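Let me begin by presenting the structure, written as structure tokens, before commenting on it.
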Protein chains: 2
Amino acid sequence: MRQPAGRSARRSGGERKPREERWAELIEVATQVFYEKGYDGASLQDIADRLGMLKGSLYYYIQSKEDLLFDVISAVHKEGLAVVRSRSEVPGGPLERLESVIRGHVEHTCRNLVPTAVFLHELSALPVERRKEILGSEHAYQGVFRDLVEQGQAAGLVRADLDPRLAALSILGSTNWVYRWFRPGGTFTPEQIGAEMAEMAIRGIATEETLQDRASR
Amino acid sequence: MRQPAGRSARRSGGERKPREERWAELIEVATQVFYEKGYDGASLQDIADRLGMLKGSLYYYIQSKEDLLFDVISAVHKEGLAVVRSRSEVPGGPLERLESVIRGHVEHTCRNLVPTAVFLHELSALPVERRKEILGSEHAYQGVFRDLVEQGQAAGLVRADLDPRLAALSILGSTNWVYRWFRPGGTFTPEQIGAEMAEMAIRGIATEETLQDRASR
DNA sequence: CTGTGACTGTCGACCGTTTGGTAGGCTTTT
DNA sequence: AAAAGCCTACCAAACGGTCGACAGTCACAG
């Protein structure tokens with residue numbers, strides 16, 4: 001437990017804040033700590049320390065450590081999915097929509113690096129039921145990508161011999177991997193990454209004719 | 001600790017095996033347990049239980065829990081890197097080599113799902129120094145892919161406006177993501193996945209002329 | 001063929017620390 | 001005076017790790 005100084009240190013920091021404000025801080029700090037140490041490697045002590053409160057006090061806000069991870073993850077997931085879903089309904093053909101989805105997804109990942117990393121990396125620390133509660137029984141993200149690929153095939157824009165599930169997983173792989181190497185202020189901007197990845201993805205699945213049409217525009 | 005029955009149960013399983021054999025078992029079991037529970041989530045007790053021995057006995061083989069993870073990870077990594085490196089020197093042009101690398105990488109991942117997953121997922125549980133000891137100071141995998149892309153550009157086969165690092169990361173992303181969804185006996189075979197991913201990747205980075213040449217072959 | 005001693009692999013009990021979690025009381029705000 | 005926010009003090013369990021004891025195995029001497 002190791003309280004800094006059980007004896008002499010009376011109510012040291014102990015700032016009192018309204019519930020909502022503290023809750024926001026809690027989520028933020030927990031996200032950061034889970035990011036740095038992983039869910040199992042992080043202790044409630046770590047989180048409490050950084051908030052300037054005692055471990056026991058956390059239970060005024062949460063019911064369990066697991067709940068905390070759940071809240072962190074489900075928040076990012078909801079947000080990310082909203083971005084992707086809205087982009088998938090943008091005006092234009094399937095390929096324009098796919099491009100928009102990829103760019104949006106990548107940019108959102110880069111701008112929310114820490115929460116996204118926790119989502120992608122620590123989801124497996126949740127028990128299956130709670131995982132499903134977040135993802136839906138069918139993987140939602142995957143579905144958006146796959147649908148767009150299928151629409152592209154229906155319109156003759158995407159190679160017909162391609163398995164749409166595989167294509168979706170491939171694209172999702174390259175975009176989801178971004179959280180492993182992107183660093184803000186690094187060589188690339190989120191927009192650059194999004195744009196180039198979208199371009200590669202679309203060229204990867206398009207028919208030759210589609211590519212020529214796009215080139216001559 | 002909870003020994004099954006400290007009193008009555010004399011040497012229960014306690015099979016005695018030669019060092020090498022046990023070591024192999026240990027690595028295998030540890031890999032599996034790390035896969036299922038994650039490094040921090042797994043306890044030496046879990047591993048010992050599955051080996052039919054006591055926790056303390058593990059220290060006849062290892063110096064620390066961390067060493068165990070290190071050994072598990074560095075083994076897969078060495079193997080995987082060897083596959084990729086050898087494939088990168090296959091006869092043919094840069095694109096043929098890239099295709100071979102991607103196929104080899106994906107197939108190796110699928111056929112060594114569990115160790116690969118531990119490598120990709122738990123590497124971050126190692127302290128930085130030991131991580132570098134495995135990866136080399138420059139990320140080796142990434143280098144192989146990037147080099148091939150650059151060679152492709154030099155030969156005019158790959159779009160010149162593409163950043164080779166970004167292209168490498170994109171390809172590596174889609175292939176490394178495979179460990180998250182592939183299941184043996186599922187819809188796709190490793191060969192299928194490797195082939196389709198290679199095709200998508202190459203089309204994604206190639207110039208229009210290259211694609212037409214390939215199509216007319 | 002037997003006796004002996006060194007070695008090897010495992011046990012069993014233990015240590016100090018940390019963990020997630022609980023309960024009741026104190027203080028500040030409303 | 002009630003409610004909200006946080007602290008103190010505690011718990012049982014689990015963790016990684018240590019260490020002396022000891023049984024089974026094997027090589028070799030007699």
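Just so we're clear, the structure is a prediction, and the values are computed from it rather than from any experiment.
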Starting from [atom2] on [N], measure out to [atom1] on [X] and report it in whole angstrom.
X: A:Glu20; N: D:dA4; atom1: CD; atom2: P; value: 14 Å
X: B:Leu58; N: D:dG17; atom1: CG; atom2: C1'; value: 11 Å
X: B:Tyr61; N: C:dT8; atom1: OH; atom2: P; value: 12 Å
X: B:Gln45; N: C:dG12; atom1: CD; atom2: C1'; value: 12 Å
X: A:Lys17; N: C:dT28; atom1: NZ; atom2: C1'; value: 16 Å
X: A:Phe70; N: C:dG20; atom1: CZ; atom2: P; value: 20 Å
X: A:Lys65; N: D:dA14; atom1: NZ; atom2: C1'; value: 13 Å
X: A:Asp46; N: C:dT19; atom1: CG; atom2: P; value: 7 Å

- Message: Classify A:Ala48 by what it touches in the nucleic acid, base, sugar-phosphate, or nothing, heavy-atom distance under 4.0 Å.
- Response: nothing
Given the structure, check if the side chain of [X] and the base of [N] hold any donor-acceptor pair shorter than 3.5 Å.
X: A:Lys55; N: C:dG21; answer: yes
X: A:Arg19; N: D:dA4; answer: no
X: A:Arg16; N: C:dT28; answer: yes

- Query: If only side-chain N and O atoms of B:Arg22 are considered, is one of them under 4.0 Å from the OP1 or OP2 phosphate oxygen of C:dT8?
  - Reply: no
- Salt bridge flag under 4.0 Å for residues A:Glu129 and A:Lys132: no
Which listed nucleotide ([options]) is nearest to the side chain of [X]?
X: A:Leu54; options: C:dT10, D:dT8, C:dG12; answer: D:dT8
X: B:Tyr60; options: C:dT10, D:dC15, D:dG17; answer: C:dT10
X: A:Met53; options: D:dC15, C:dG20, D:dC6; answer: D:dC6

Side-chain donor-acceptor pair present, [X], [Y], cut-off under 3.5 Å:
X: A:Glu36; Y: A:Gln32; answer: yes
X: A:His121; Y: A:Tyr179; answer: yes
X: B:Gln151; Y: B:Arg97; answer: yes

- Task: Find which nucleotide of DNA chain C each of A:Tyr59 and B:Ser57 is nearest to by heavy atoms, and output the residue with the more 5' nucleotide.
- Result: B:Ser57
- Query: Any cation-pi pair here, B:Arg19 with B:Tyr60, using under 6.0 Å and within 45°?
  - Reply: yes
